[in-house]
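Please read these numbers as outputs of a predicted model, since none were measured by experiment.
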Amino acid sequence: FSPLPLVLNTWPFKNATDAAWRTLVSGGTAVDAVENGCAVCETERCEGTVGFGGSPDEVGETTLDAMIMDGATMNVGAVGDLRRIKNAIGVARRVLDHTTHTLLVGDSATNFAESMGFTVEDLSTTTSKSLHSEWASKNCQPNFWRRVTPDPSKYCGPYKPSGSLEWAISAHKQVDIHNHD
Amino acid sequence: TIGMVVIHKTGHVAAGTSTNGLKFKIPGRVGDSPIPGAGAYAEDMIGAAAATGDGDILMRFLPSYQAVEYMRRGDHPTTACQKVIAKIQKYFPKFFGAIICANVMGSYGAACNKHPTFTQFSFMVYNSLRIQPTEEKVDCI
């Protein structure tokens, strides 16, 4: 008895799994299922690790990365550092379907998304603004800088290169079940 | 981050990811999620995999591609996932990361790198043997 079809996803994001499954049951392709499953997480924000309003960067902006791969054709569509567009996996799907490229990034990816009909909007929320304010009030701790001055383990930037070879902070301590790729 | 692998009943395979990355990253930073072979990888006739964790480390090892290659050589998905984690462990013993793997037969597995704050990894499964999405956990290695 075949266990297929199969939907498997990282972390206990049940609604995403369910959405992918329902896509398959209703006649969708594997690529459709991946797109719809991930899109649910972008809407629900899946513990703050997916979609808008989570993981602000050093200047408080939320940016999104997404990718979709078709194993039949080895076609890939992806976006990195996507700004001001909520449905990153949808944009990745458009890259896959409507271009011969693999990865679009930054503002140019946003422009592409807008041309594909996606709405440009602010991705910050009260929560992400609060997270960023709290981080800034703690002298920008933790951060991902090293070998710069002023000492990034104590002070905010802007930073310049320094001659020190010491690791100020271990990145291992900053990435966990609530903060990951 | 969510990483997802789908095996259609016809054997067609797809994979994908979506994430808002790490908190307080340096602007412009992109993790492993949108990189084919890193965040996810899929190949018909073989299977697919998706990774999650510290993308700055993961992307250096193309873990999803490597897992699919292990499955191509005949490894069970669980073994493929474990081999990938073991490889990264050699260089970064404390890295935060996990991976899910599935083959076109419908077998699947997962693995993660154990450290004090991360001893088990949860993932979701839905296949024709189940009536709803089911959470499963693996002990990290």
Side-chain angles (χ1 to χ4, degrees), chain A residues 2-14 16-18 20-21 24 29-31 33-34 37-38 41-42 46 49-51 54-59 62-72 76 78-81 88-89 102-103 131 135 143-144 171-172 175-177 179-181, chain B residues 1-9 11-36 39-44 48 50 52-56 58 94-96 98 100 102 106 108 117-118 122-129 132-133 135:
Chain A
S2 172
L4 298 179
L6 168 68
V7 176
L8 196 65
N9 63 264
T10 57
W11 307 109
F13 302 148
K14 180 180 178 181
T17 323
D18 198 43
W21 180 263
L24 293 174
T29 66
V31 171
V34 168
C38 290
C41 254
E42 291 175 348
C46 285
T49 67
V50 183
S55 303
D57 64 17
E58 285 195 336
V59 295
T62 295
T63 59
L64 305 179
D65 304 334
M67 186 253 291
I68 191 162
M69 181 168 190
D70 182 344
V76 175
V79 288
D81 193 26
I89 192 73
T102 299
L103 171 63
L131 270 172
W135 173 78
N143 60 61
F144 294 92
H172 304 309
V175 187
D176 57 31
I177 61 170
N179 182 28
H180 53 73
D181 293 294
Chain B
T1 302
I2 182 169
M4 179 172 281
V5 165
V6 172
I7 315 285
H8 196 274
K9 63 185 177 185
H12 187 96
V13 178
T17 59
S18 183
T19 186
N20 53 30
L22 299 183
K23 294 184 181 84
F24 316 123
K25 56 187 164 292
I26 298 169
R29 181 265 189 191
V30 171
D32 65 310
S33 298
I35 311 298
Y41 196 73
E43 189 173 348
D44 272 20
T52 183
D54 183 346
D56 292 308
L58 290 169
K94 297 178 181 178
F95 87 101
F96 178 77
I100 55 173
Y108 61 87
T117 61
F118 189 49
S122 296
F123 60 101
M124 296 299 304
V125 183
Y126 204 164
N127 62 19
S128 63
L129 307 178
Q132 61 183 3
E135 180 179 344

Visitor: With a 4.5 angstrom heavy-atom cut-off, is it the side chain or the backbone of B:A40 that approaches chain A, or both, or neither?
Guide: both
Visitor: Do A:W11 and B:S122 have side-chain atoms, one donor and one acceptor, less than 3.5 Å apart?
Guide: no
Visitor: Given 3.5 Å as the limit, does a donor-acceptor pair link the side chain of A:H180 with the main chain of B:T1, or not?
Guide: yes
Visitor: Say you draw a straight line from CG of B:L22 to CG of A:N143; how long is it, rounded to the nearest 0.5 Å?
Guide: 12.5 Å
Visitor: Within a strict 4.5 Å, meaning less than it, do heavy atoms of the B:H8 and A:L24 side chains meet?
Guide: yes
Visitor: Against chain A, work out which of B:G55, B:G11, B:G53, B:A102 has the most heavy-atom pairs shorter than 4.5 Å and name it.
Guide: B:G53
Visitor: B:A48, B:S33, B:G31, B:P27: which one forms the most heavy-atom pairs within less than 4.5 Å of chain A?
Guide: B:P27
Visitor: Non-hydrogen atoms of chain A under 4.5 Å away: do they reach the side chain of B:E43, the backbone, both or neither?
Guide: both
Visitor: Is there a donor-acceptor pair under 3.5 Å between the side chain of B:K25 and the backbone N or O of A:S55?
Guide: yes
Visitor: Quick one, A:K14 and B:E135 - any side-chain contact, counting heavy atoms below 4.5 Å?
Guide: no
Visitor: Between B:I35, B:N20, B:L129, which shows the greatest number of heavy-atom pairs under 4.5 Å with chain A?
Guide: B:N20
Visitor: So, for B:S18 and A:E42, which heavy atoms are closest and what is the spacing to 0.1 Å?
Guide: OG-OE2, 2.6 Å
Visitor: Just so I know, are the side chains of A:T102 and B:P36 near enough to count as touching, which here means a heavy-atom distance under 4.5 Å?
Guide: yes
Visitor: I'd like to know whether A:T10 forms a side chain to side chain contact (heavy atoms under 4.5 Å, CB included) with B:F123, so could you lay out the CA-CA distance, the side-chain angles of the two residues, the decisive distance to 0.1 Å, and finally the verdict.
Guide: CA-CA 5 Å; A:T10 57; B:F123 60 101; 5.5 Å; no
Visitor: Of the backbone (N, CA, C, O) and the side chain (C-beta and beyond), which part of A:T63 lies under 4.5 Å from a heavy atom of chain B, both, or neither?
Guide: both
Visitor: Below 4.5 Å, heavy atoms only, C-beta onward: do A:I177 and B:F118 meet side chain to side chain?
Guide: yes
Visitor: Using every non-hydrogen atom in the two residues, find where B:P34 and A:G80 come nearest and quote the distance to one decimal.
Guide: CG-CA, 4.4 Å
Visitor: Does B:V6 reach the side chain of A:W21, with side-chain heavy atoms less than 4.5 Å apart?
Guide: no
Visitor: With a 4.0 Å cut-off on N to O distance, would you call B:R29 and A:D181 a salt bridge?
Guide: yes
Visitor: Could you tell me which of B:I100, B:V13, B:D32, B:T17 has the largest number of non-hydrogen atom pairs under 4.5 Å with chain A?
Guide: B:T17
Visitor: At a 4.5 Å cut-off on heavy atoms, which part of A:T29 comes close to chain B: side chain, backbone, both, or neither?
Guide: backbone
Visitor: How close do B:K23 and A:N179 get, counting heavy atoms only, and between which atoms?
Guide: N-OD1, 2.8 Å
Visitor: For residues A:L4 and B:I7, determine if any side-chain heavy atom of one lies less than 4.5 Å from a side-chain heavy atom of the other.
Guide: yes
Visitor: Where the side chain of B:S128 meets the backbone of A:P3, is there a donor-acceptor pair that is under 3.5 Å apart?
Guide: yes
Visitor: Classify the angle between the aromatic ring planes of B:F24 and A:W135 as parallel (below 30°), tilted (30 to 60°) or perpendicular (above 60°).
Guide: parallel
Visitor: Check whether any side-chain heavy atom of B:H12 lies under 4.5 Å from a side-chain heavy atom of A:D70, and answer yes or no.
Guide: yes
Visitor: Starting at CZ of A:F144, measure out to CD1 of B:I26 and round the result to the nearest 0.5 Å.
Guide: 8.0 Å
